[in-house]
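Keep in mind it's a predicted model, so treat the numbers as computed, not measured. Chain letters run A, B, ... following the sequence lines, proteins first, then strands; residues in each count from 1.
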Amino acid sequence: MIYWKLLWSFLQVGLFSFGGGYGILPVIQQQVVSENHWLTLKEFTDVVTISQMTPGPIALNAATFVGTKLAGPLGAVVATLGCSLPTAILALIIGHYYYKYRDMSLVKGVFEGLRPAIVSLIATAGLSILFLAFFNTETFQIHTLPNIDWKAVVIFGACLLIQRWKKTDPIYIMLGSGAVGVIAYLVL
Amino acid sequence: MVKDFQFYKKLFLSTFSVSAFTFGGGYVIVPLMKKKFVEDLHWIDENEMLDIVAISQSLPGPMVVDASVLIGYRLAGIPGAAVTLLSTLLPPFVILSVISLFYQAFRTNPVVNAVLKGMQAGIAAIIADVVLSDGLKICKSKNTLSILIMAASFIAVYFLNISVILVILICGVFGGVTTVIRNRKGGKKA
């Protein structure tokens with residue numbers, strides 16, 4: 001039955017995609033393109049592109065897209081649950097122990113060691129997005145320097161200033177920068 | 001905290017809006033959740049937010065799902081986790097269901113592309129803001145060990161392409177070991 005197949009495939013996507021971001025693409029590709037032939041490579045590339053244009057993790061977006069295509073809304077529900085329930089249950093278990101033992105000095109020490117690293121991880125992800133916005137590539141390369149997108153630089157600078165001074169809800173920054181994007185890239 | 005209907009409504013709407021704005025990769029949830037749960041609602045503190053990110057990053061599957069479940073569980077147990085899981089899954093589900101009907105037109109639409117281009121710069125700014133706030137706080141704490149961990153893990157992930165999971169593992173073990181050593185020293189003095 002197709003529902004079982006969808007569930008099984010996306011269970012694997014949910015359980016074997018570590019690290020997040022683009023690292024999980026090969027896992028999804030293997031399930032939906034190579035093994036089950038549910039999508040062509042071209043369709044899979046489209047899903048990745050749409051994921052970049054819509055909110056939500058790529059795995060969940062792919063689950064909805066593939067599920068809908070194969071078995072309608074119910075298929076999408078099955079695939080979505082398949083890739084989120086195992087990790088949700090794991091999060092519950094780990095969360096339970098974290099909140100039970102987080103006042104223990106050893107656990108405290110572990111997380112004190114982790115926090116500065118997490119800030120750095122957020123920084124590396126932020127830099128990739130920054131370079132994508134400024135140079136259209138995820139890493140800095142000297143030869144792309146002349147192609148710098150000055151409009152993006154101005155939007156970035158303005159947003160950062162507003163955010164640091166006004167401490168607004170980041171959602172407003174996102175909505176605002178999207179609106180400014182229309183003016184900057186279509187009107188000007 | 002009274003867990004009435006109003007509480008669950010707030011919990012649902014907060015995680016729903018975070019999920020609906022998770023553009024550009026999982027880490028955008030950090031500024032979004034920090035604003036909602038730490039600064040506005042005061043439901044969790046800053047360090048706990050980073051701990052939740054650390055746990056979510058170490059688990060398989062989408063980070064936003066793990067982080068939402070952890071926050072829901074922390075605030076209202078299993079029912080809370082169920083509410084936040086549902087509210088996190090709904091936005092991408094609804095949006096993709098609709099868009100999959102006409103995705104070719106959506107993909108090539110110039111207005112959509114201009115909005116996204118602008119948003120990319122905005123997202124980079126809100127992430128930069130969070131990194132600046134948290135990073136400066138760590139530098140100001142004058143805790144040499146924390147500053148070293150921050151610098152070393154940045155170099156490891158950004159320049160040396162070392163796996164994120166490995167970096168988390170090493171930093172966690174390092175934090176644990178230094179605590180044990182510090183406790184032993186403290187114990188001898190006392």
Q: Name the orientation class of the two ring planes belonging to A:Phe134 and A:Phe156 (parallel below 30°, tilted from 30 to 60°, perpendicular beyond 60°).
A: perpendicular

Q | Choice from A:Val153, A:Thr87, A:Leu15, A:Leu90 maximising heavy atom contacts with chain B below 4.5 Å | A | A:Thr87

Q) Most heavy-atom pairs under 4.5 angstrom with chain B, which of A:Gly126, A:Ala117, A:Cys83? A) A:Ala117

Q) With no hydrogens and no angle check, do the side chains of B:Thr15 and B:Thr84 hold a donor and an acceptor under 3.5 Å apart? A) no

Q. If you count heavy-atom pairs under 4.5 Å with chain A, which of B:Ala67, B:Ser146, B:Ala152 comes out on top?
A. B:Ser146

Q.
Does any backbone or side-chain atom of A:Ile118 lie under 4.5 Å from a heavy atom of chain B? Answer side chain, backbone, both or neither.
A. side chain

Q.
Can you tell me which portion of B:Asn47 sits under 4.5 Å from chain A's heavy atoms? Options are side chain, backbone, both or neither.
A. both

(Q) If we define contacts as heavy-atom pairs under 4.5 Å, which of A:Ala63, A:Ala88, A:Ala59 has the most with chain B? (A) A:Ala88

Q: Pick one of side chain, backbone, both or neither for A:Pro86, based on which atoms fall under 4.5 Å of a heavy atom in chain B.
A: neither

Q | Heavy-atom contact with chain A under 4.5 Å, split by part of B:Pro110 | A | both

Q. Contact part of B:Ile78 toward chain A, heavy-atom cut-off under 4.5 Å: side chain, backbone, both or neither?
A. side chain

**Q.** Expected output: side-chain B:Lys36 to main-chain B:Ser14 donor-acceptor under 3.5 Å
**A.** no

(Q) Quick check on the interface: out of B:Ala128, B:Pro31, B:Ala54, who has the most heavy-atom pairs with chain A under 4.5 Å? (A) B:Ala54

Q) Side chain, backbone, both or neither: which part of B:Thr178 has a non-hydrogen atom closer than 4.5 Å to chain A? A) neither

Q: May I ask you to name which of B:Leu89, B:Ile95, B:Val130 has the most heavy-atom pairs under 4.5 Å with chain A?
A: B:Leu89

Q. Which atoms of A:Phe111 come close to chain B, meaning under 4.5 Å heavy atom to heavy atom: side chain ones, backbone ones, both, or neither?
A. both

(Q) Same cluster or not: A:Leu186 versus A:Met53, using hydrophobic residues (I, L, V, M, F, W, Y) connected whenever any side-chain heavy atoms lie under 4.5 Å apart? (A) yes

Q: Considering only heavy atoms and a distance below 4.5 Å, find which of B:Ala121, B:Gly122, B:Ala156, B:Pro92 pairs most often with chain A.
A: B:Ala121

Q: Taking all non-hydrogen atoms of both residues into account, name the closest pair between A:Asn36 and A:Gln31 and its distance.
A: ND2-O, 2.9 Å

Q. Between B:Ile99, B:Asp51, B:Ile123, B:Val65, which residue shows the highest count of heavy-atom pairs closer than 4.5 Å to chain A?
A. B:Asp51

Q | Plane angle bin for A:Tyr101 and A:Tyr97 - parallel if under 30°, tilted between 30 and 60°, otherwise perpendicular | A | parallel

Q) When clusters are formed by joining ILVMFWY residues with side-chain heavy atoms under 4.5 Å apart, either directly or through shared neighbours, do B:Leu148 and B:Ile162 land in the same one? A) no

Q) Mind checking whether A:Phe65 and B:Tyr103 have parallel, tilted or perpendicular rings, split at 30° and 60°? A) perpendicular

Q) Contact part of B:Leu32 toward chain A, heavy-atom cut-off under 4.5 Å: side chain, backbone, both or neither? A) both

Q. Quick one: of A:Gly56, A:Ala152, A:Ser120, who has the most non-hydrogen atom pairs under 4.5 Å with chain B?
A. A:Ser120

(Q) One pair to check against salt bridge (Lys or Arg N to Asp or Glu O under 4.0 Å): B:Lys35 and A:Asp169. What are the steps and the verdict? (A) CA-CA 6 Å; B:Lys35 175 68 188 168; A:Asp169 192 324; over 6 Å; no

Q) Which word best sums up how the rings of B:Phe159 and B:Phe154 line up, parallel for under 30°, tilted for 30 to 60°, or perpendicular for over 60°? A) perpendicular

Q. Which bit of A:Ala123 is near chain B, if near means a heavy-atom gap under 4.5 Å: side chain, backbone, both or neither?
A. both

(Q) Is A:Thr68 in contact with chain B via its backbone, its side chain, both, or neither, using a 4.5 Å heavy-atom distance? (A) side chain

**Q.** Atom group of B:Phe174 that falls short of 4.5 Å from chain A, counting heavy atoms
**A.** neither

Q) With only heavy atoms counted, which part of A:Lys167 is less than 4.5 Å from chain B, the side chain, the backbone, both or neither? A) both

Q) Is A:Ile50 reachable from A:Leu25 through a run of I, L, V, M, F, W or Y residues, each pair having side-chain heavy atoms under 4.5 Å apart? A) yes

Q) Counting heavy-atom pairs under 4.5 Å to chain B, which of A:Phe16, A:Tyr99, A:Tyr98 comes out on top? A) A:Tyr99

Q | Contacting region of A:Leu161 [heavy-atom separation from chain B under 4.5 Å] | A | neither

Q) Can you say whether A:Val154 sits under 4.5 Å from chain B via the side chain, the backbone, both, or neither, judging by heavy atoms? A) neither

Q. Going from OG1 on A:Thr49 to CZ on A:Phe44, what distance comes out if it is rounded to the nearest 0.5 angstrom?
A. 10.0 Å

Q: Give, as side chain, backbone, both or neither, the part of B:Ile168 having an atom under 4.5 angstrom from any heavy atom of chain A.
A: both

Q: Please determine, among A:Leu121, A:Val182, A:Ile183, the option with the most heavy-atom pairs under 4.5 Å with chain B.
A: A:Leu121

Q: Check whether A:Thr168 gets within reach of chain B through its side chain, its backbone, both or neither, counting any heavy atom under 4.5 Å.
A: backbone

Q: Tell me, for A:Val180 versus chain B, whether the close heavy atoms (under 4.5 Å) come from the side chain, the backbone, both or neither.
A: neither

**Q.** Structural part of B:Ser58 lying under 4.5 Å from a heavy atom of chain A
**A.** backbone

**Q.** chain A contact via B:Glu48 - which portion, at a heavy-atom distance below 4.5 Å
**A.** both

Q: Measure distances from B:Ser100 to the heavy atoms of chain A and classify the residue's part below 4.5 Å as side chain, backbone, both or neither.
A: both

Q | Pair A:Ser51-A:Asn61, side-chain donor/acceptor within less than 3.5 Å | A | yes

(Q) Taking side chain as everything from C-beta outward and backbone as N, CA, C, O, which of these in A:Leu85 sits under 4.5 Å from a heavy atom of chain B? Side chain, backbone, both or neither. (A) side chain

Q | Cluster check B:Ile155, A:Ile122: I/L/V/M/F/W/Y, side chain < 4.5 angstrom | A | yes

Q | Connected via hydrophobic side-chain network under 4.5 Å: B:Leu101 and A:Leu74 | A | yes

Q: Examine the side chains of A:Tyr185 and A:Asp149 and answer whether a donor and an acceptor come within less than 3.5 Å of each other.
A: yes

Q: Indicate whether any N or O donor in one side chain lies under 3.5 Å from an N or O acceptor in the other, for B:Lys34 and B:Ser133.
A: no

